Amino acid sequence: MQAYRRHVGTAIAIVLSLSAGAADAAVTVEIVEPTNKFIESDTIPVRVAASSSPDELYYVEAEFEGLIIELTPSEDGYFEGSFDLGELGGELPYGPHVVTVGAYSTFGDWASAQRTLHRYSAPPTLGWNVLPNDTLTAGWRFDAKCIPTPPYECQYLSAYFASADGGVEVYNDTSSSEPSSVPGRLYVKEWRYRDSYQIPSGRTYTLTIQASDGVGPVVSRTIGPIHVDRSPKLTVVQRAPGAILDFDATRLLVLDHRGRIGIVERNTQAVTWLGTIPQEDAPLSAVYGALTPTGAVYQGTNGYILSWVNGTRKTIARAARLDAVNGDTAVFTTTDDDRAIAHSLSTGTNTLLWSSLGSRSPFQADITASGEIYFGTYESGSIVGPGGSLLGDHEGNLQRPITDGTNVVGRWWDGRTSSSYLYTADGEEVFLGDAITSSSAGLLLHAGHAGFLKTDGAVNQIWLRTADGEQHQISNFTKTSQFDQAKLRVGHDGLSDAGDVLFLNDGERYIGRPGGAPERISTDLGHGRWLDGSWYVTIGNTLFQVASAGGSPARLAATAAFAPEDVGAREVLSTSFTGDELLDAPVSVRDLHEPDALPVSSDGSELSGDGDADTGGDLAPAAAGCSASGPAGSPSGAAALAAALAGLLALARRSRPRS
C-alpha cells in the first residue's frame, strides 16, 4: 500500500458561546488556529479569539489528549500557545483527535470550543477487476472495492462507465448499504438479471472509479478503454497484455496502454517488446500494424513506419503512411500523397510504384501472396497491375482495388453511386452492382468468392458472387449494411473458404450465407476474421472464436472446454494507476510482461528515426509483384489449436482465487 499525506489548508472557524447562568453568554471563544485539518508536525499551534462582557477574562486554556496549556495574550489581541506532542510520551495514534479551548471570566462565566484534527496516513486503496483494453464478456461482471486505511472507514465508492452512447454508474455508500462483512470496506458489483447486465454491451467505455473515507481527499482513478460484449456466440480463446492489432495461428501483435508494441507467442505467452510508440500529436488509437513471416510492420503516431525483421527493428520511412502489407512486401505513401513505394522487408530495398509530384490524389494498393501489387488513384480510371497492366476504364474516382491472387475487384465513385467490377484471371470484366456510398471499404475477395455492396434503391445490401459465378443477396435489412473492415486487411477478412460473408448492420455483426437468414454473432465492436477454418473476433485485448454454424465445431468445442470459466476472478489492486504506470499488484489469468532494454534498430537509431531509410533514396524501376491475404508460413490448424490450448492451460495454472 502506498502511504502519503495530503495537506489541506482551509481555515474553518468554530465558534461556540456558552454562559453559566444566562442565555446571552458573557464569554465567547473562537479557535483561529490550527487551520489545517491534519496533524502534520510534532507541534500544534493554537490561536484563539476570546472576550467577555464586561471585558474581564481570567484564564484561557487549551487541552489535547490530556495535555493542558495556558494560552497567553498576544500584542494583536489574541491568545496563543502550542502543544509539544513529544510530551505525550509516545507516538500519537492514527485517527481523529480533539483540541478543546476554554475561556473563563472573573465572574465565573465560561465558554469553550472544539476542533477535530486527524493524524492521517493514507486515503483508501481501490481494487477493481479490469485492465485497459479488457473486454467484459458473458459471465464476467465488473466489481470494485474500497479498502480503508484504519482507523477510518470507506464512506463512498463509485464506478462510472462513460461512453459515446451514455453512461452507467455503479455505486455504494454507508447511508444506503448494509454493513460490510469486512468492517470499513465498501464493495460494488454490476448487477445481472438472467441474461441482462447493468453495463450495456456493444459499447466502449472510459471507467472512472472514486472513493472517499470522508476525511482525506477523494481517491479517483480513470482507465480505459474498457469494452463490453457479452454475446453468447463469442468464446474467449486468449487475452493479451495489450490491444490486439493483428493475429495468426501462433502469434499476436499487441499495443499496450503505455505505447509498447510487442509480439506474443500464443503457446507460451512470451512477449517480445519491439519498442515504445512516441505519443506525438496522434493518440495511440491511431497506431496500426500487421504481422509478417519475419516479424511485424507498424505505423507510429509521428509519421514513422517501422519494421521488426528477424529480431531487428528498422525504420522504413518518415513522414509516410503505411497502406498495405503482405508477406515480405509493404506499400507506403509519402504524407503529401504524391509518391507510393514498395518496400521489401527482407532486403530493405524500396521500389517506386507511382509518382505525381504535387498530386493530392489518394493512393490505395493491395498485395498478393506472391508479392504482386495492384493499385489505383482517384485520378486514374484503371487499376494498375503487375508490369503496368491495366484493368478497367471507368468514369469517376477509383477506390481501393482488392485481389485474392487470382481475381481482382474495384469500385469507381461518380459522386452519387459506386460501381463495382470483377476482373477474372483471363481478363474478363464482370459488373457486380451499384451502391449508394462513397466508402472505399465496399468489396471483399477470397478463394474466388466476391462480396460487394448493392443498393436496393433505399439502402445498401450485402451481395455475394460465388466462385462459380452465381450471385446471391445476403442481407435484407431496412438499414444500410457494411463490411467489417480493418486497416491493412481491407477486403480480405470477411469471407470464408465456402463463401460465408461477415458484415455489420445497425450495431450488430452477422454471418450471411446464400439461401439463409443472416446469423447474429456479436455486437459490432472490434473486428472479425476468417482463419484456418473458423471465424474469430478481436475486441481490445481479447481474441474470441465464434460459435457459428459456419465454423469448425470440433475446434470450437475443444477451445471452449479449456476457456477460463470466470475471468472476473482476477483482482487488480492499485493506489496509483495512470497512463504512465503499470499496476502494482500481480494480475491473475495472465502476466503483464515487462520488457528488457528496448532494442536498437540495425542502423543504431531509436524511434526518433535518426539515420533511418528515407523515402528519397535510390529507387529501382517499378516492381511487378505484391500480396494480400496474410502472413505466410503459418502452421496448420491442428498446430494452432494445440498452441491455443497450451496457452489456456498455462493461464489456468497461473490463476488464483480472489480473497
Side-chain angles (χ1 to χ4, degrees), residues 1-14 34-41 44 92-99 114-132 141-163 166-191 198-199 205-224 226 568 570-581 583-585 658-659:
M1 182 184 305
Q2 180 184 358
Y4 64 94
R5 292 180 178 175
R6 183 69 59 88
H7 300 283
V8 178
T10 303
I12 302 176
I14 302 176
T35 57
N36 286 341
K37 191 177 185 179
F38 302 105
I39 300 170
E40 299 168 347
S41 67
I44 301 176
L92 186 68
Y94 288 108
H97 301 272
V98 177
V99 173
Q114 291 185 332
R115 172 161 298 159
T116 300
L117 305 178
H118 298 269
R119 183 163 186 262
Y120 195 77
S121 60
T125 298
L126 293 178
W128 62 91
N129 68 336
V130 292
L131 295 172
R141 289 190 286 169
F142 169 78
D143 62 51
K145 60 185 175 182
C146 171
I147 306 171
T149 302
Y152 298 101
E153 298 184 351
C154 294
Q155 301 294 317
Y156 177 80
L157 175 63
S158 170
Y160 185 74
F161 288 79
S163 77
V168 178
E169 184 177 26
V170 185
Y171 71 92
N172 193 359
D173 60 51
T174 55
S175 65
S176 60
S177 64
E178 295 295 326
S180 168
S181 58
V182 180
R185 293 191 179 187
L186 284 179
Y187 300 87
V188 295
K189 191 176 186 71
E190 176 190 10
W191 59 253
Q198 186 174 3
I199 303 170
Y205 298 90
T206 298
L207 169 62
T208 299
I209 307 175
Q210 291 185 324
S212 173
D213 57 13
V215 176
V218 174
V219 181
S220 182
R221 303 286 180 261
T222 297
I223 60 173
I226 305 297
R570 284 187 304 179
E571 183 174 271
V572 178
L573 293 178
S574 177
T575 57
S576 58
F577 177 49
T578 69
D580 297 326
E581 297 172 327
L583 295 175
D584 299 323
R658 184 177 57 190
S659 59

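These values consider heavy atoms only, across backbone and side chains, with no hydrogens, waters or symmetry-generated copies. On a predicted model such as this, the values are computed, not experimentally measured, just so you know.
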Would you name the heavy atoms of Val218 and Ser212 that are closest together and state the gap between them? CG2-CB, 4.1 Å
Answer whether the closest heavy-atom distance between the side chains of Tyr94 and Pro151 falls below 4.5 Å. yes
When you measure from the side chain of Asn129 to the backbone of Arg141, do you find a donor-acceptor pair of N or O atoms at a distance under 3.5 Å? yes
Straight-line distance of Phe142 CZ to Gln198 CD, nearest 0.5 Å: 10.0 Å
May I ask you to decide if Val188's main-chain N or O and Asn172's side chain share a donor-acceptor pair within less than 3.5 Å? no
Quick check: closest heavy atoms across Lys37 and Gly214, and the distance to 0.1 Å? NZ-O, 4.1 Å
Got a second to check how far Ile44's CD1 is from Leu117's CG, nearest 0.5 Å? 5.5 Å
Could you tell me which non-hydrogen atom of Gly166 sits nearest to which non-hydrogen atom of Tyr205, and how far apart they are? O-CE2, 4.4 Å
For Glu190 against Val170, the heavy-atom pair lying closest together: N-CG1, 4.4 Å
Kindly check if the number of other-residue, nucleotide or ligand heavy atoms within 6.0 Å of OH (Tyr156) is above 12? yes
Determine, stepwise, if the pair Ile147 / Lys145 fulfils side chain to side chain contact (heavy atoms under 4.5 Å, CB included). CA-CA 6 Å; Ile147 306 171; Lys145 60 185 175 182; 3.9 Å; yes
To the nearest 0.5 Å, what is the distance between CG (Asp213) and OH (Tyr120)? 3.5 Å
Can you tell me how far the CG atom of Leu186 sits from the CD atom of Gln155, to the nearest 0.5 Å? 7.5 Å
If only atom types and distance count, is the side chain of Thr149 paired as donor or acceptor with the main-chain N or O of Ala122 below 3.5 Å? yes
Where Thr174 and Cys154 come nearest, the two heavy atoms and their spacing: CG2-O, 3.2 Å
Can you measure from CD1 (Ile209) to SG (Cys146) and round to the nearest 0.5 angstrom? 11.0 Å
Which distance, rounded to the nearest 0.5 Å, do you find between the OH of Tyr171 and the CD of Glu169? 7.0 Å
Nearest non-hydrogen partners of Pro96 and Thr116, listed with the distance: CB-CG2, 4.0 Å
So does Thr222 get a backbone contact from the side chain of Thr208, meaning a donor-acceptor N/O pair under 3.5 Å? no
Measure the acute angle between the ring planes of His118 and Tyr152, then classify it against the limits of 30° and 60° as parallel, tilted or perpendicular. tilted
Among Val219, Asp173, Leu126, find the one that has a side-chain contact (heavy atoms from CB on, under 4.5 Å) with Leu157. Leu126
